[in-house]
Amino acid sequence: MTEKKVAVIGFPVSHSLSPLMHTTWLRKYGIEEGVYEKKEVKPGDLVRMLEESFEDTAWRGFNITIPHKEEALHVCRTLTWRAERMGAVNTLFRGEKGWIGDNTDGWGAVRSLEEAGVDFKGEELRIVVVGAGGAARGITHAFLEEGQKSIVILNRSCEKARSLALSLRESHEGCSVEGYGFDKWHEVIREGDLIVQTTPMGMVGCPDFPFDFEGAKGSCVVMDIVYRPLHTPCLVRAREAGLATVDGLGMLMYQGVPGFEGWFGVKPEVDGSLRRSLLEAIGERD
Ligand SMILES: NC(=O)c1ccc[n+]([C@@H]2O[C@H](COP(=O)([O-])OP(=O)(O)OC[C@H]3O[C@@H](n4cnc5c(N)ncnc54)[C@H](OP(=O)(O)O)[C@@H]3O)[C@@H](O)[C@H]2O)c1
């Protein structure tokens with residue numbers, strides 16, 4: 001039996017839930033040759049590490065996390081269209097002559113929202129995205145690829161929000177994407193059908209999420225991609241305002257699906273038992 005090895009690479013990487021998630025799937029589908037590890041790789045050592053791993057055919061691929069998502073892109077021989085557009089990779093697959101880089105973060109967010117009942121293929125949604133970093137880039141791209149056309153990006157640095165909005169307008173003809181600073185919060189959320197929080201605000205050890213949802217439409221859905229804590233201040237306040245909410249664990253689970261399927265040949269199921277294992281690992285409850 002030839003071993004099929006995969007690892008998540010980050011710095012630090014000890015907090016990553018990916019090994020637990022993929023190992024749970026490997027056991028569930030009886031893939032005895034599959035191994036999923038974590039590898040702490042310092043910035044500067046990534047390129048050599050990935051090049052050396054390609055020489056060993058037991059390595060089927062990698063997940064890439066902070067801070068390597070942009071640097072890993074330059075090691076890839078081929079990129080999927082979405083990784084190329086997002087300028088970052090989170091999943092590598094073995095190609096014939098080198099690593100193939102993909103970015104599944106936005107896809108994971110879309111699948112998680114669909115599971116919660118958001119219909120991207122139906123009516124045009126007015127979407128508000130808080131943050132303009134790597135995750136926001138992936139998620140906004142994915143929303144536009146789903147056919148959505150109206151996004152407002154709110155960010156601490158207004159300049160960064162504007163710049164992401166401009167690049168999205170350039171890559172997706174006919175869409176309306178605007179970027180503003182946080183001072184527009186109440187004005188913008190009034191119109192929102194979907195609000196997605198992508199900054200670390202409210203995460204353990206980070207500054208609080210400072211806004212409330214006064215004036216938001218009763219039908220608005222709020223997602224926070226932070227999952228430590230699971231019930232973030234953003235989600236708690238949205239629930240207090242009577243809004244439907246989606247936590248960040250769904251995105252985490254779904255973004256892992258394309259990788260597992262590519263490495264091990266089985267499309268894994270995102271289900272309640274996987275969610276319970278991850279909740280237990282982070283000491284949280286639904
Ligand atoms: N659920 C999942 O599967 C999943 C996947 C990916 C990421 N995440 C989470 O998403 C978060 C963002 O990740 P990322 O890769 O996008 O990071 P990033 O590229 O570093 O971007 C961070 C963004 O958050 C903003 N920000 C940072 N600190 C802030 C603060 N104190 N107050 C207000 N805004 C602040 C930044 O604004 P400026 O431009 O003004 O600096 C920027 O827009 C992290 O917490 C990460 O754990 C979750």
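Whatever order the structure lists them in is the order used to number ligands and atoms, beginning at 1.
For atom 33 (C) of ligand 1, the closest non-hydrogen atom on the protein side is Met201 SD, 3.5 Å. Looking at atom 17 (O) of ligand 1, its nearest protein heavy atom turns out to be Gly134 N, 4.5 Å. The protein atom (non-hydrogen) at minimum distance from atom 16 (O) of ligand 1 is Ala135 N, 2.8 Å. In terms of protein heavy-atom proximity, atom 5 (C) of ligand 1 is nearest to Met251 CE, 3.5 Å.
For the pair Tyr227 and ligand 1, the shortest N or O to N or O distance does not fall below 3.5 Å. The distance criterion of under 3.5 Å between nitrogen or oxygen atoms is not met by Gln255 with respect to ligand 1.
Donor-acceptor pairing under 3.5 Å is lacking for the side chains of Ser219 and Asp193. Side-chain contact of Gln197 with Thr199: a donor-acceptor pair under 3.5 Å is present, judged by distance alone. No side-chain N or O of His15 forms a donor-acceptor pair with one of Arg228 less than 3.5 Å apart.
With ligand atoms numbered from 1 in the order given, ligand 1 contributes 1 (N) to contacts under 4.0 Å with heavy atoms of Gly248. For ligand 1, the atoms closer than 4.0 angstrom to any heavy atom of Pro207 are 31 (N). Of all the atoms in ligand 1, the ones that sit under 4.0 Å from a non-hydrogen atom of Ala132 are 43 (O). Near Pro200, the atoms of ligand 1 lying under 4.0 angstrom from a non-hydrogen atom of the residue are 24 (O), 26 (N), 27 (C), 28 (N), 45 (O). With ligand atoms numbered from 1 in the order given, ligand 1 contributes 43 (O) to contacts under 4.0 Å with heavy atoms of Gly131.
Scanning all heavy atoms of the two residues, the minimum distance from Trp25 to Met253 falls at CH2-O, 3.6 Å. Taking all atoms of both residues into account, the shortest heavy-atom contact from Glu124 to Ser150 is OE2-CB, 3.9 Å.
Within the 4.0 Å cut-off (strictly below), no protein heavy atom is located near atom 46 (C) of ligand 1. Counting protein heavy atoms under 4.0 angstrom from atom 20 (O) of ligand 1 gives zero.
Taking the centre of each ring, Tyr36 and Phe260 stay at or above the 6.0 Å mark.
Arg111 and Glu146 are joined by a salt bridge, as a carboxylate oxygen and a charged side-chain nitrogen come within less than 4.0 angstrom of each other.
Heavy-atom neighbours of Glu40 CD from other residues, nucleotides or ligands within 6.0 Å: above the threshold of 12. In Glu3, the CD atom is crowded: over 12 heavy atoms of neighbouring residues, nucleotides or ligands sit closer than 6.0 Å.
Of all the listed residues (Asp105, Thr232, Ile225), Ile225 holds the heavy atom that lies closest to atom 2 (C) of ligand 1. The option from Asn155, Asp208, Leu154, Thr65 that lies nearest to atom 37 (O) of ligand 1, judged by heavy atoms, is Asn155. By heavy-atom distance, the residue among Met223, Met203, Arg156, Lys160 lying nearest atom 28 (N) of ligand 1 is Arg156. With distances taken over non-hydrogen atoms, the option nearest atom 12 (C) of ligand 1 out of Thr199, Asp224, Val130, Thr198 is Thr198.
Relative to the ring axis of Phe54, Arg94 places its NZ or CZ within 45° and under 6.0 Å from the centre.
Note that CH2 of Trp263 and CG of Leu26 are 9.5 Å apart. Values are rounded to the nearest 0.5 Å.
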